[in-house]
Amino acid sequence: MSISQRHVRYGKYHGTGNDFIVVDADEYVPDRGAFAAHHCDRTDGIDGDERRGADGVLFLALEEKYSPPRVVMTLVQPDGSTAEMCGNGARVAAEWAMARTGATEVMIDTQAGTRHARRVPVGDGDDLVAIEMGEPSFAPEVVPLDRDEPLVEGQLEGYAVTGINTGVPHAVVFVDDVDAVDLESDAPPIRHHDVFPEGANVTFAAPGNDGGYVQRTFERGVEGETRSCGTGAVAIAAVADHLGRCEDDIVTVSPPGGELSVEVPNDGPAVLYGPVAHEFDGEVPVTPPAAD
């Protein structure tokens, strides 16, 4: 049987609309980048309940011998690149692992470090999944930035931009109304700006009615807007806290796909809370290697 005829099993999950194809790492996928590019495509990718494709593929390796269980997570994005960290993706990985093991907490090994995740009962049958996100950093060498000083509300492309790393680089911009921003036009020049040598996700935030923030994020690797971005939600809360814009210890952040909560303590890792949904399971062909 040729490689092009082989199929792999997958699950489709989303965290507040940030959707992923989940593949057990034991499945043989010879070219993960090509697999992601093909099956995540919003026009020709996997056929979902509401829309085709996905924001990325999570290749997950479950190690049940540990207590709590561990999951090695590799996120391959639609452009074939890998991302060091993804808040909603890590929460999906945690839900996937907890469903298989019966555990209520797991450790997620990411390229940004090991993160602890747990199930949080909320009393209405729709539990949340919380994950520790590490400590946000404004340090130029960590974001990273092509400058010696932190970028805090610096002027870039007509916006006051703050650079922060919440597992991946983010450029955070506070505006009066996120819906008034032409994201597809305004975000790419910031995403590719020379001050961000590795590029950056671009996250716009506006004050919400509940003291929280409304979010829109243009994600590198996806190269477009996603319905939710967990690292972006943490970036909003961390920057708001840094600028003295936070009224509560836990900040509500509302991307287009739902509602997330972020806790940013003074001396510890940020914690991201939100729901995870398992949409369906299926099989897809392995993308054949590109022709020479």
Side-chain angles (χ1 to χ4, degrees), residues 16 85-88 112-113 115 120 128 130-181 183 186-187 189-191 193 195-196 200-219 225-226 228-274:
T16 54
M85 179 56 180
C86 174
N88 288 323
R115 305 288 186 248
V120 181
L128 302 181
I131 184 154
E132 294 180 353
M133 296 287 289
E135 294 190 34
S137 178
F138 298 88
E141 67 275 12
V142 176
V143 174
L145 301 172
D146 187 19
R147 53 185 282 167
D148 296 328
E149 299 295 328
L151 177 66
V152 179
E153 295 197 305
Q155 287 297 314
L156 295 181
E157 305 296 335
Y159 288 102
V161 178
T162 299
I164 187 171
N165 189 300
T166 55
V168 290
H170 272 272
V172 177
V173 182
F174 287 100
V175 295
D176 293 331
D177 181 3
V178 294
D179 291 330
V181 176
L183 205 70
D186 292 359
I190 300 173
R191 178 258 187 270
H193 197 282
V195 75
F196 298 107
N201 300 281
V202 184
T203 293
F204 287 85
N209 295 327
D210 57 358
Y213 290 92
V214 182
Q215 171 189 4
R216 292 180 68 193
T217 296
F218 182 100
E219 289 200 47
E225 182 176 7
T226 54
S228 181
C229 176
T231 56
V234 174
I236 290 170
V239 173
D241 181 66
H242 185 74
L243 297 176
R245 293 172 178 253
C246 283
E247 298 179 3
D248 301 305
D249 294 335
I250 296 181
V251 180
T252 299
V253 180
S254 301
E259 184 174 287
L260 297 165
S261 297
V262 182
E263 183 179 4
V264 184
N266 292 327
D267 54 352
V271 182
L272 176 68
Y273 300 82

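All values derive from a computational prediction rather than experimental measurement.
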Quick check for you: to the nearest 0.5 Å, what is the distance between [X] atom [atom1] and [Y] atom [atom2]?
X: Glu247; Y: Asp241; atom1: CD; atom2: CG; answer: 12.5 Å
X: Met133; Y: Thr231; atom1: CE; atom2: OG1; answer: 5.5 Å
X: Leu272; Y: Arg115; atom1: CG; atom2: CZ; answer: 12.0 Å
X: His242; Y: Ile164; atom1: NE2; atom2: CD1; answer: 8.5 Å
X: Glu141; Y: Asp148; atom1: CD; atom2: CG; answer: 9.5 Å
X: Ile236; Y: Arg216; atom1: CD1; atom2: CZ; answer: 12.0 Å

Next on the checklist: Could you walk me through whether Val271 and Ile250 satisfy the side chain to side chain contact (heavy atoms under 4.5 Å, CB included) test, starting with their C-alpha distance in whole Å, then the side-chain angles of each, then the deciding distance to 0.1 Å, before giving a yes or no?
Outcome noted: CA-CA 9 Å; Val271 182; Ile250 296 181; over 6 Å; no

Testing the basics here: between [X] and [Y], what is the closest heavy-atom pair and its distance to 0.1 Å?
X: Pro150; Y: Phe138; value: CB-O, 3.6 Å
X: Val195; Y: Leu151; value: CG1-CD2, 4.4 Å
X: Val234; Y: Pro136; value: CG1-CG, 4.3 Å
X: Phe196; Y: Gly163; value: CE2-CA, 4.2 Å
X: Leu260; Y: Ser228; value: CD1-OG, 3.6 Å
X: Pro169; Y: Pro144; value: CG-CD, 4.1 Å

Heavy-atom count check: over 12 atoms from other residues, nucleotides or ligands less than 6.0 Å from [X] [atom1]?
X: Asp210; atom1: CG; value: yes
X: Asn209; atom1: CG; value: no
X: Gln155; atom1: CD; value: yes

Item to check | Contact list for residues 261-271, test side chain to side chain donor-acceptor pair (under 3.5 Å), sequence neighbours left out | outcome: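 Sorted result for residues 261-271: Glu263-Tyr273.
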
Checklist entry - Would Val178 and Gln215 count as a side chain to side chain contact (heavy atoms under 4.5 Å, CB included) if you check the C-alpha gap in whole Å, the side-chain angles of each, and the deciding distance to 0.1 Å? => result CA-CA 7 Å; Val178 294; Gln215 171 189 4; over 6 Å; no

With side chains defined as the heavy atoms from C-beta onward, is the minimum distance between [X] and [Y] less than 4.5 Å?
X: Val152; Y: Val239; answer: no
X: Asp186; Y: Glu157; answer: no
X: Ile190; Y: Phe218; answer: no

Next on the checklist: Whether the side chain of Asp177 engages the backbone of Asp179 through a donor-acceptor N/O pair (distance < 3.5 Å, no angle test) should be reported.
Outcome noted: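 Checked: pair present.
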
Next on the checklist: Please check: side-chain N/O of Ser137 versus main-chain N/O of Ala139, any donor-acceptor pairing under 3.5 Å?
Outcome noted: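 Present.
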
Checklist entry - Please, which pairs that meet ring pair (Phe, Tyr, Trp, His ring centres under 6.0 Å) have at least one residue in residues 144-171, sequence neighbours excluded? => result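 The answer is Tyr159-Phe204.
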
Checklist entry - Of all residues at least two apart in sequence or in a different chain, which pass the salt bridge (charged side-chain N to carboxylate O under 4.0 Å, His left out) check with Arg245? => result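 With neighbours one apart ignored, the set is Glu153.
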
